[in-house]
Amino acid sequence: MKHSTAEEKPNQTHARSLLADIQGAPETFLPRRETIVDWLNAYLLRSDRRGYVMEPTEADDLAAVEKLLRSHKVPVAARAAA
């Protein structure tokens, strides 16, 4: 999987951030962890294709994943200083 770049779309950055949050909290209970990780990885692969157009529900899905993470007290992963 490629790392975040300047040309990355905001929703790709959001998805990578959510993955980092999940990976940074391996001991935190999170139902369907593997399913969520698989979906985020699949989204990143889809969204990296040339000509990709985001589906209307995908932004809502990313927001729902974030809400789920926060409701289960998954902390925001530390971000590197720019």
Side-chain angles (χ1 to χ4, degrees):
M1 183 182 304
K2 81 175 191 177
H3 295 300
S4 181
T5 65
E7 59 217 38
E8 188 169 77
K9 298 170 190 112
N11 285 319
Q12 288 174 314
T13 302
H14 189 200
R16 287 188 203 293
S17 173
L18 295 172
L19 277 172
D21 294 348
I22 292 168
Q23 292 167 347
E27 300 300 317
T28 303
F29 171 73
L30 183 61
R32 302 185 63 189
R33 178 184 296 263
E34 285 185 41
T35 302
I36 294 166
V37 168
D38 289 346
W39 183 85
L40 288 167
N41 283 322
Y43 168 76
L44 288 168
L45 287 173
R46 280 191 314 276
S47 66
D48 202 36
R49 292 186 190 131
R50 180 180 293 229
Y52 172 78
V53 176
M54 187 171 198
E55 294 292 323
T57 60
E58 287 179 318
D60 292 338
D61 293 342
L62 287 170
V65 168
E66 179 151 17
K67 184 176 179 181
L68 176 71
L69 297 184
R70 302 309 158 236
S71 71
H72 284 279
K73 309 282 191 256
V74 174
V76 174
R79 306 290 193 270

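Sequence positions, counted from 1, serve as the residue numbers for this chain. Heavy-atom basis, side chains included; hydrogens, waters and symmetry copies ignored. Since the model is a prediction, treat every value here as computed from it, not as a measurement.
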D21 side chain to V76 backbone, donor-acceptor under 3.5 Å
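Pair absent, no side-chain N/O of D21 close to backbone of V76.
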Quick one: does any side-chain atom of D48 pair with a main-chain N or O of L44 as donor and acceptor, under 3.5 Å?
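A pair under 3.5 Å: no.
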First locate atom CD of E66, then atom CZ of R70, and finally report the distance between them rounded to the nearest 0.5 Å.
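It is 4.5 Å, given to the nearest 0.5 Å.
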Working to the nearest 0.5 angstrom, can you tell me the gap between Q23 CD and L40 CG?
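With rounding to 0.5 Å, CD (Q23) is 9.5 Å from CG (L40).
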Do L30 and L68 come within less than 4.5 Å of each other through their side chains, counting heavy atoms only?
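In contact.
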Closest approach of P31 to I36 (non-hydrogen atoms, all atoms of both residues)
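That closest heavy-atom pairing would be O-CD1, 3.7 Å.
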Of the non-hydrogen atoms in E58 and Y43, which two are nearest, and what is the gap between them?
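Shortest heavy-atom contact: OE2-CD1, 3.7 Å.
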Begin from the C-alpha positions of R46 and E55 and carry the test salt bridge (Lys or Arg N to Asp or Glu O under 4.0 Å) through to its verdict.
CA-CA 11 Å; R46 280 191 314 276; E55 294 292 323; over 6 Å; no
Taking only residues two or more places apart in sequence, or in another chain, which ones meet P56 in a side-chain contact (heavy atoms from CB on, under 4.5 Å)?
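Partners of P56 under the side-chain contact (heavy atoms from CB on, under 4.5 Å) test: none.
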With sequence neighbours excluded, what pairs up with D38 under the side-chain contact (heavy atoms from CB on, under 4.5 Å) test?
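Expected list: none.
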Hydrophobic clustering (ILVMFWY, side-chain heavy atoms < 4.5 Å, transitive) - are L45 and I22 grouped together?
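No; tracing contacts between hydrophobic side chains, which count when under 4.5 Å, never links both residues.
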Suppose the criterion is side chain to side chain donor-acceptor pair (under 3.5 Å): which pairs have a residue in residues 27-36, not counting sequence neighbours?
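As it turns out, there is no side chain to side chain donor-acceptor pair (under 3.5 Å) pair with a partner in residues 27-36 once direct neighbours are skipped.
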